[in-house]
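What follows is a single structure, written as structure tokens, with notes after it.
We count ligands from 1, going down the list as the structure has it; atoms in each ligand are counted the same way.
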Amino acid sequence: MTNSTSSQNRYYLTTPIYYVNARPHLGHAYSTIVCDAIARRKRAQGIDTWFLTGTDEHGQKIERSAELAGRTPGEFAAAISAEFRGLWDRLGLSYDDFIRTTEERHKRGVQKLFATLRDKGFIYKGSYTGQYCVSDEAYVDGPPGTVCPDCGRVTETVSEENYFFKLSAFERKLLEFYDANPGFMGPESTRREVISFVRGGLKDLSVSRTSFSWGIPVPGDEKHVVYVWLDALANYITALGYGSDDPKEQARFEKFWPADMHLIGKEISRFHCVYWPAFLMAAGIPTPRSVKANGWLLFDQGKMSKSKGNIVRAETVQEILGADALRYFLLREIPFGQDGSFSFDALVQRYNSDLANGYGNLVSRVVNMVHKYFGGAVPETDAETAAEVSLRENAERAIAAFGPEFDSLNFSEALKALWTLVAETDGYLTANAPWKKPAERSEADHVLLQARVLVTAAEAIRIITALVYPILPDSAAKVWRQLGQGEIAEAAKKSFLTNLTWGGLKAGIQFGEPAPLFPRAEKDAVERMQNIEDQNSKSVIEAAGGSPEPAAKAAAARIAAAVPAHIEAAKAPEVHVAVPVAAVPTVHAPASGAPAAVATEAATAQEPQHISIDDFVKVDLRVAQILVAERVPKADKLLRLEVDLGYEKRQILAGIAQFYEPEKLIGRKIVIVANLAPRKMRGLESNGMLLAASLPDGAPVLAGFLEEAPLGARLK
Ligand code: MSP
């Protein structure tokens with residue numbers, strides 16, 4: 001994968017801006033760490049670099065999350081945005097600017113962009129009736145009940161008067177643009193997917209919403225808010241100063257735009273490779289030079305995400321192994337652009353083999369020996385022998401390989417090349433054993449050998465350290481001091497780290513004190529990290545009044561991800577736990593397997609099985625109202641229902657078609673098990689189960705209420 005470089009001596013790169021409905025997890029950290037490593041290398045190459053990150057704070061999804069937490073969207077967004085920024089600071093990420101889409105500078109820029117598009121005739125008013133996925137903030141083609149092709153959630157029907165962007169006018173222009181700029185999108189899978197999406201035909205895009213208000217008002221028509229993706233994508237220009245009257249800001253925009261690289265997760269390539277260039281072309285603003293997609297970090301088989309509840313936090317890894325260990329693992333283990341699995345076991349294994357026993361141990365041996373045999377001062381050396389020539393050539397090969405691999409985003413290959421040199425240096429030390437004087441070697445010859453071997457090994461370490469600095473900035477800084485080279489940040493500024501030639505370690509330089517780099521991780525490291533994650537989930541679940549049983553882990557993580565600790569516990573959403581049907585003795589699915597709930601028969605011959613209150617609270621029973629009910633083609637028992645829980649709408653399949661006419665169910669209030677794991681039937685996803693009494697002949701009677709029961713109220 002190539003990363004097209006800019007002709008000027010400046011580089012602008014961005015991360016996606018993160019939604020503030022969830023607290024940061026390793027998935028978010030991954031994209032930001034990749035950008036940080038790139039930014040550090042660019043700066044070390046003497047390139048004037050601008051690295052932007054930030055948070056995406058508007059839209060229906062955030063408005064609803066805030067409501068669930070009992071906070072205003074503004075308060076909620078501010079709290080989570082601060083968590084992202086705080087974490088990036090604790091991880092030492094070197095962003096130059098952090099934009100929040102709720103800032104005035106952004107609002108001003110978005111309104112200018114919208115007005116420009118309208119003035120140029122690319123925005124018109126129309127009406128939209130169709131499906132919308134709130135989770136992805138994306139319009140989806142298809143009839144009511146269509147499942148979002150990206151996240152699998154049921155879409156909502158939206159019928160609104162909207163402003164539309166003439167996306168259809170850009171179909172040909174975009175295809176020509178991709179053709180003329182083969183390096184624009186990567187990896188190849190993303191490129192193919194985007195091109196086939198555009199070839200499939202582009203429809204005009206609705207770019208405003210009226211059914212909620214948490215967004216940037218459309219200039220001149222304030223009952224509309226700007227569609228959240230148009231709002232969000234514009235961050236890349238508003239942060240630089242687009243829309244500002246301040247000449248300094250305008251100059252920054254002129255200097256850094258167009259971006260050299262937008263680094264994104266692969267799931268948002270359509271927004272970045274289709275909508276974004278089309279908006280810019282329409283507004284007469286240059287398009288970015290490249291958009292590169294990272295793959296997904298998987299954990300427990302699935303994409304790490306708040307909604308799956310399978311998250312790990314970067315803080316946990318940082319606490320036990322340090323931020324550099326996390327950076328190394330992510331860049332070494334996952335070929336950029338592909339999905340990669342995260343596991344504590346793999347992390348600890350990689351840490352011990354490559355960092356503790358590999359690079360860390362090599363540095364410690366050499367620095368200690370220079371202190372022991374030469375009082376810490378780099379000795380003069382005599383001429384190279386074949387062994388030194390060979391190590392020097394290996395180092396030169398590593399230098400030649402590292403840069404191009406790194407700059408093509410093949411971080412894993414770049415690191416492999418460096419770690420080959422770590423192993424070769426280790427081998428060279430062992431073969432020449434400067435700590436052992438054979439009886440036949442004279443004292444003077446032995447000192448000469450010690451000097452030659454230690455200086456050669458230290459020089460290889462200097463090369464490895466200079467190159468690895470963007471990936472291991474803290475550890476490289478420590479090693480640099482131990483090698484008597486001073487502050488690595490200063491060396492980076494002077495481009496010493498990238499203009500590397502063999503032989504930079506000069507005689508007479510005094511080494512710094514040896515200091516531990518990567519203490520070996522003991523057997524319990526995995527357990528300790530797991531415990532921290534469990535504790536984190538547990539504390540949130542307890543705060544929410546639930547029980548921290550293992551079955552609740554996924555849900556706990558989901559809540560931990562969604563609610564900042566400083567948002568009052570009492571306001572935290574209730575615990576939603578996916579409970580297998582069999583684990584809940586009073587409710588079971590009928591034999592057909594359809595999750596229409598039918599309560600067990602009144603009497604059974606079996607002993608009653610007691611469950612504790614903790615077990616009971618795991619079942620999230622809620623009041624819901626049926627909005628849509630229809631038969632499922634070729635399934636005579638099944639009805640497809642769309643139900644409203646007040647805080648969200650969803651699709652449920654129920655095996656009651658032989659007993660209830662669908663039309664008669666519309667508007668009826670029912671009880672559903674809201675936290676049942678989703679399942680697919682006849683290609684449709686069912687997200688929950690409704691409750692009914694089961695008559696002796698098997699006929700169901702739906703549970704309901706005599707008094708008014710608000711939607712979403714919990715039954716307990
Ligand atoms: N707000 C939008 C982006 C707007 S950019 C103009 C958004 N936000 S997000 O918070 O849902 O995700 C943003 C990014 O986080 C992903 O594109 C990806 O870069 C990163 N990741 C989140 N989870 C991830 C994984 N499990 N694995 C890898 N990256 C992940 O989409």
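- Close contacts of ligand 1 with Trp296, meaning ligand atoms under 4.0 Å from a residue heavy atom, involve 27 (N), 28 (C).
- A salt bridge is absent between Glu156 and Arg209; no separation between the charged side-chain nitrogens and carboxylate oxygens falls under 4.0 Å.
- With respect to atom 26 (N) of ligand 1, the closest heavy atom belonging to the protein is Met304 O, 2.8 Å.
- Using a 3.5 Å distance cut-off with no hydrogens or angles, the side chains of Tyr18 and Thr32 do pair a donor with an acceptor.
- Among protein heavy atoms, atom 1 (N) of ligand 1 sits closest to Asp56 OD2, 2.7 Å.
- Which parts of ligand 1 touch Lys303 is read off a 4.0 Å heavy-atom cut-off, strictly below it: atoms 23 (N), 24 (C), 25 (C), 26 (N).
- Among Phe76, Tyr19, Trp214, the one residue that satisfies the ring-ring contact (aromatic ring centres under 6.0 Å, His included) test with His58 is Trp214.
- By the 4.0 Å heavy-atom criterion, Trp229 is counted among the residues contacting ligand 1.
- Contacts of Gln318 classified as side-chain contact (heavy atoms from CB on, under 4.5 Å), with partners at least two apart in sequence or in another chain: Arg90, Leu91, Ala323.
- The protein non-hydrogen atom at the shortest distance from atom 10 (O) of ligand 1 is Tyr19 N, 3.1 Å.
- Geometrically, ligand 1 and Gly265 share a nitrogen or oxygen pair separated by less than 3.5 Å.
- The backbone and the side chain of Leu297 each have at least one atom closer than 4.0 Å to an atom of ligand 1 (non-hydrogen atoms only).
- Among protein heavy atoms, atom 17 (O) of ligand 1 sits closest to Glu267 OE2, 2.8 Å.
- Looking at Asn294 against ligand 1, only its side chain comes within 4.0 Å, counting heavy atoms.
- At the shortest separation from atom 3 (C) of ligand 1 among protein heavy atoms lies Ile17 O, 3.2 Å.
- Residue-ligand proximity: Gly295 is placed with a non-hydrogen atom under 4.0 Å from ligand 1.
- For ligand 1, the atoms sitting less than 4.0 Å from at least one non-hydrogen atom of His272 are 5 (S), 6 (C), numbered in the order shown with element in parentheses.
- Salt bridge status for Asp97 with Arg105: present, with a side-chain N to carboxylate O gap under 4.0 Å.
- Counting heavy atoms only, Ser31 comes closest to atom 18 (C) of ligand 1 of the residues Ser31, Gly59, Ala232, Gly54.
- When non-hydrogen atoms are compared, ligand 1 lies under 4.0 Å from neither the backbone nor the side chain of Phe271.
- Looking at Asp339 and Lys303, no side-chain N of the basic residue comes within less than 4.0 Å of a carboxylate O on the acidic one, giving no salt bridge.
- Of all the atoms in ligand 1, the ones that sit under 4.0 Å from a non-hydrogen atom of Ile268 are 3 (C), 17 (O), 31 (O).
- For the ring-ring contact (aromatic ring centres under 6.0 Å, His included) criterion with Phe165, the lone passing option out of Tyr128, Phe170, Tyr139, Tyr275 is Phe170.
- Annotation: cation-pi geometry not satisfied between Arg43 and Phe51 (NZ/CZ under 6.0 angstrom from ring centroid, within 45° of ring axis).
- In this structure, the protein non-hydrogen atom closest to atom 25 (C) of ligand 1 is Gly27 CA, 3.6 Å.
- Residue-ligand proximity: His25 is placed with a non-hydrogen atom under 4.0 Å from ligand 1.
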Margin query: Checking Phe114 against Tyr163 for the ring-ring contact (aromatic ring centres under 6.0 Å, His included) test, could you report, in this order, the C-alpha distance in whole Å, the side-chain angles of both residues, the deciding distance, and whether it holds?
Written below: CA-CA 10 Å; Phe114 196 97; Tyr163 284 97; 5.8 Å; yes
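- Between His272 and Trp229, the ring-plane angle classifies as perpendicular under the 30° and 60° cut-offs.
- A distance of 6.0 Å or more separates the ring centres of Phe299 and His25.
- Counting protein heavy atoms only, atom 14 (C) of ligand 1 is closest to Tyr18 CE2, 3.6 Å.
- Side-chain contact, Thr210 with His224: no donor N or O sits under 3.5 Å from an acceptor N or O.
- Nearest non-hydrogen protein atom to atom 6 (C) of ligand 1 is Tyr236 OH, 3.5 Å.
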